[in-house]
Amino acid sequence: MQAERPGGGRRRIVIVGGVAAGASCAARARRLCEECDIALLDRGPYVSFANCGLPYHVGGVIAEEETLLVATPELFRDRFAIDVRTRHDVRAIDPAARTVEVHDLERDSVRTEPYDALVLATGAAAIRPPLPGIDLPGIFVLRTIPDARQIRAAVERASSAVVVGGGFIGLEMAENLVQRGLAVTVVELAAQVLPPLDPEMAGYVAERLRAHGVALRLGAGVEGFRPRDGGGLEVLAAGGEALPADVVILAIGVRPETALARAAGLTLGERGGIRVDEQMRTSDPHIWAVGDVVEVRDVVTGAWQLMPLAGPANRQGRIAAASILGRAATADASTRFRGVQGTAVCGLFGLTVAMTGASEKSLARAGRDDFERVYLHPGSHVGYYPGATPIHMKVLFARRDGRILGAQAVGEAGVERRIDVVAMAIQMGGTVYDLEEAELCYAPQFGAAKDPVNLAGMVAANHLRGDLPLAAWSELAGTTAQLVDVRRPAEYARGHVPGAINVPLERLRVALDRLPRDRELWLVCAVGQRAYYATRLLQHHGFRVRVLSGGMETHGAHAASA
Ligand SMILES: Cc1cc2nc3c(=O)[nH]c(=O)nc-3n(C[C@H](O)[C@H](O)[C@H](O)COP(=O)(O)OP(=O)(O)OC[C@H]3O[C@@H](n4cnc5c(N)ncnc54)[C@H](O)[C@@H]3O)c2cc1C
C-alpha cells in the first residue's frame with residue numbers, strides 16, 4: 001500500500017481490536033509508514049493490556065492493576081501518532097465500499113469510517129456453554145481486566161472455588177486461588193490435566209497439584225450449576241457429584257471472534273477461525289486478520305489449528321503491517337508467517353511444564369505412526385553442584401531421518417530453556433543429530449557438559465543408529481521378550497516390572513550364560529542410563545537387546561496416567 005491514495009490524501013489503516021495482535025500491528029505499521037493514518041479501535045475499556053498476567057493479578061502476585069497496562073491510548077497517540085479509541089465497537093464491514101460501521105459506546109453514536117486496509121484483530125472469547133445455571137452469580141471467565149476485577153472482588157468473600165477446565169489458564173487460576181487461601185477443585189473432561197501434553201507427562205503436574213491441596217476431578221464433565229443452601233453454588237459434575245463453590249472459574253477454552261468476518265463474507269476455515277495466507281491476508285485483498293481470530297498451519301503436522309497464544313499473535317501483527325505497507329514477502333520472518341508449533345510454558349507450584357511441536361496424541365490424530373519417542377530424566381545441572389533437580393523429558397522424532405517433531409518437559413528448574421532450544425531446532429528443520437551436537441551454555445550451576453538437550457539427541461540418535469534399540473512401554477503387555485532389570489538388588493526389591501529378572505549391571509559380564517539367546521532381552525533400570533551401558537555390553541556378546549525408554553521413572557509415569 002502506498003502512503004498516498006492515487007487521487008491524493010493519506011492512506012488509512014483501521015485495526016479492530018487493540019490487544020496483542022492489533023497493538024503490535026499498529027505500532028509496526030507506524031514504524032513502516034509515517035504518512036499513513038492509523039486508527040486502533042477496541043470495544044473494551046483498555047488496549048494493549050497483559051491478559052497473560054491476569055491470573056497473577058487475581059492471586060495478588062501482580063498487586064497493581066495498572067501494571068497490566070503495557071501501553072495506554074495516550075502513549076500510542078503521543079509516541080506513534082496512532083488514533084486509539086477504546087469503547088468503540090466495530091459493528092459491520094462493507095467490503096465493497098471499504099468502510100466500517102463504528103458504534104461509540106460512550107456517546108452511543110454510530111458512524112461510518114473508510115479504510116484502505118482493514119485489520120481484524122478481534123481475538124477470541126471465552127467459551128460459556130449453555131449449561132443449566134450458567135448465568136448464576138459467582139460464575140466467571142477470565143479474559144479482560146474487568147473480568148479480573150470481578151473475580152478479585154468475589155474471592156475476597158470466598159473460601160472455595162471450582163475451576164472448570166484443566167488447561168493452562170485453568171491451572172494457573174487454580175494455583176492463584178490456592179495462594180488466596182481458597183479450597184480449589186479442578187474439573188476436567190479429559191482424563192488428564194493439560195490436555196495438550198501426553199498423559200504420562202501430565203501425570204507429574206497432577207501429582208504436584210494434589211500435593212498442594214488442589215482436588216482433581218478428571219474425566220468428568222460439568223452438567224450444570226445450582227444455588228447452594230446458605231449461599232454460594234454447587235457445580236454438578238458428571239456422575240452425580242455436587243461440588244460446593246463460592247466462586248466458579250470457567251476455563252474451558254476460547255472461540256475465535258469471527259462475527260464481523262463472517263458477516264462480511266470472509267472465508268472461514270474448518271476450525272472456525274478466519275483463513276489467511278502467509279501474509280495474514282484474508283479472502284478480501286483489502287482485509288488482513290491476525291491473532292487468536294485466525295486459523296494457522298501447524299508446522300509439524302500441516303493441520304489447520306487454532307493456537308491462541310501471545311507470541312504468534314504479536315508476530316502476525318508485525319507481518320500484517322509489513323504486508324499492508326508493501327514489504328515484499330521473502331524468507332525474512334517479518335514478512336511471512338511460518339505457522340505455529342504450539343510452544344507453551346506454565347508454572348505451577350514451583351513446577352515448570354513446557355512443550356513445543358507435536359505431542360504423541362497430535363501425531364496420532366494426524367494419522368502418523370512414522371515416529372519414535374525417547375524419555376529421559378537428566379538433572380537440571382550437574383549432580384555435584386547443590387540443588388540439581390530432575391527434568392522429565394520426552395522427545396518425538398521422525399524414524400526416517402531423525403527430524404524433531406516435538407518435545408515436552410516437566411521439572412523445577414531449567415525446563416523452559418531446554419524446550420526453547422528444541423523449539424528453535426524444530427523451526428530450523430533440525431534433527432536429533434543436531435541436538436546431539438548443539439553447543440549450549442555450561443557451568444556447574446546451569447547445566448552439564450552434556451546438557452539435557454544433548455542427552456536427548458544422543459539417546460534418540462543412538463536409537464536410530466542401532467546402538468540403543470528402544471522399546472515403548474506400550475509394547476510391554478504383548479511382548480515375549482525376557483525382561484532384565486539391571487539395577488542393584490535393593491532397587492529391584494523396592495519394585496520392578498512383573499516378569500523381570502534382576503541382573504545388576506556390575507554383575508552382567510559374569511552372568512551372560514544365564515541369559516536366553518533365543519529371545520530378545522528388554523532391559524530396564526532407573527532412568528535408562530545403566531540399561532544403555534548393559535545394551536552395548538550385551539550387543540557385543542551377540543544378544544538381541546532393547547531398552548525400555550526412561551526406565552522405571554517413565555514406567556511409573558505411564559502407570560500413574562493409565
Ligand atoms: C488469562 C489469560 C492468560 C494467558 N496467558 C498466556 C500465556 O501465558 N502465554 C501466551 O502465549 N498466551 C497467553 N494467553 C493468550 C494470549 O493472551 C492471547 O493469545 C492474545 O491475547 C491474543 O491476542 P489478540 O490480540 O489476538 O486477541 P485479544 O487479546 O482477545 O484481543 C482482542 C480485542 O479485540 C476487541 N474486539 C473484538 N471484537 C471487536 C469489535 N467488533 N470491535 C472492537 N473491538 C473488538 C476485544 O475487545 C479485545 O480487546 C492468555 C490469555 C488469557 C485470557
Side-chain angles (χ1 to χ4, degrees), residues 14-26 39-59 62 68 70 84-93 100-105 113 118-127 140-148 151 163 165 167-173 175-176 196 249-251 253-264 273-274 276 280 289-294 296 306-318 320 340 342-348 352-356 416:
V14 174
I15 301 168
V16 188
V19 191
S24 86
C25 182
L40 185 63
L41 309 174
D42 200 297
R43 64 182 167 206
Y46 304 102
V47 287
S48 197
F49 63 91
N51 37 17
C52 306
L54 294 174
Y56 302 93
H57 183 46
V58 172
I62 300 171
L68 297 167
V70 180
V84 174
R85 278 174 274 153
T86 55
R87 305 277 294 140
H88 279 66
D89 186 20
V90 176
R91 297 204 309 199
I93 306 166
V100 284
E101 186 182 294
V102 185
H103 183 192
D104 179 338
L105 299 169
E113 299 191 16
L118 178 67
V119 181
L120 298 178
T122 46
I127 294 172
F140 302 97
V141 297
L142 180 61
R143 186 82 202 168
T144 62
I145 289 178
D147 292 340
I151 296 171
V163 177
F168 286 101
I169 294 176
L171 296 190
E172 285 179 354
M173 280 306 294
E175 179 185 27
N176 280 287
I249 308 292
L250 287 177
V254 296
R255 56 164 184 74
E257 279 275 13
T258 51
L260 272 179
R262 188 186 296 272
I274 301 176
V276 288
M280 310 312 296
V290 289
D292 286 3
V293 74
V294 301
V296 280
L306 296 170
M307 190 60 74
L309 288 173
N314 273 278
R315 298 203 310 276
Q316 292 163 7
R318 288 168 50 81
V340 294
T343 308
V345 64
C346 185
L348 295 166
T352 307
V353 45
M355 65 181 301
T356 186
E416 69 288 3

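Whatever order the structure lists ligands and atoms in, that order sets their numbers, starting from 1. In this text, all values refer to a predicted model and were calculated from it rather than measured experimentally. As a basis for the values below, the full set of heavy atoms in this structure was taken, side chains included, without hydrogen atoms, waters or symmetry mates.
Taking the charged nitrogens against the carboxylate oxygens, R255 and D292 have no contact shorter than 4.0 Å, which rules out a salt bridge. Ion pairing between a basic and an acidic side chain is recognised when a charged N comes within 4.0 Å of a carboxylate O; R262 and E257 show no such pairing.
Side-chain atoms of M355 and P196, non-hydrogen and from C-beta on, do get closer than 4.5 Å to each other.
Using a 4.0 Å heavy-atom criterion, the residues that approach ligand 1 are V16, G17, V19, A20, A21, L41, D42, R43, G44, N51, C52, P55, H88, D89, V90, A121, T122, G123, A124, L142, R143, I169, L260, G291, D292, P308, L309, A310, A313.
Note that CG of L250 and CG of L142 are 11.0 Å apart. Values are rounded to the nearest 0.5 Å. The CG atom of N176 sits 8.5 Å away from the CD1 atom of I62 when rounded to the nearest 0.5 Å.
Residues passing the salt bridge (Lys or Arg N to Asp or Glu O under 4.0 Å) test with E101 are R91, sequence neighbours excluded.
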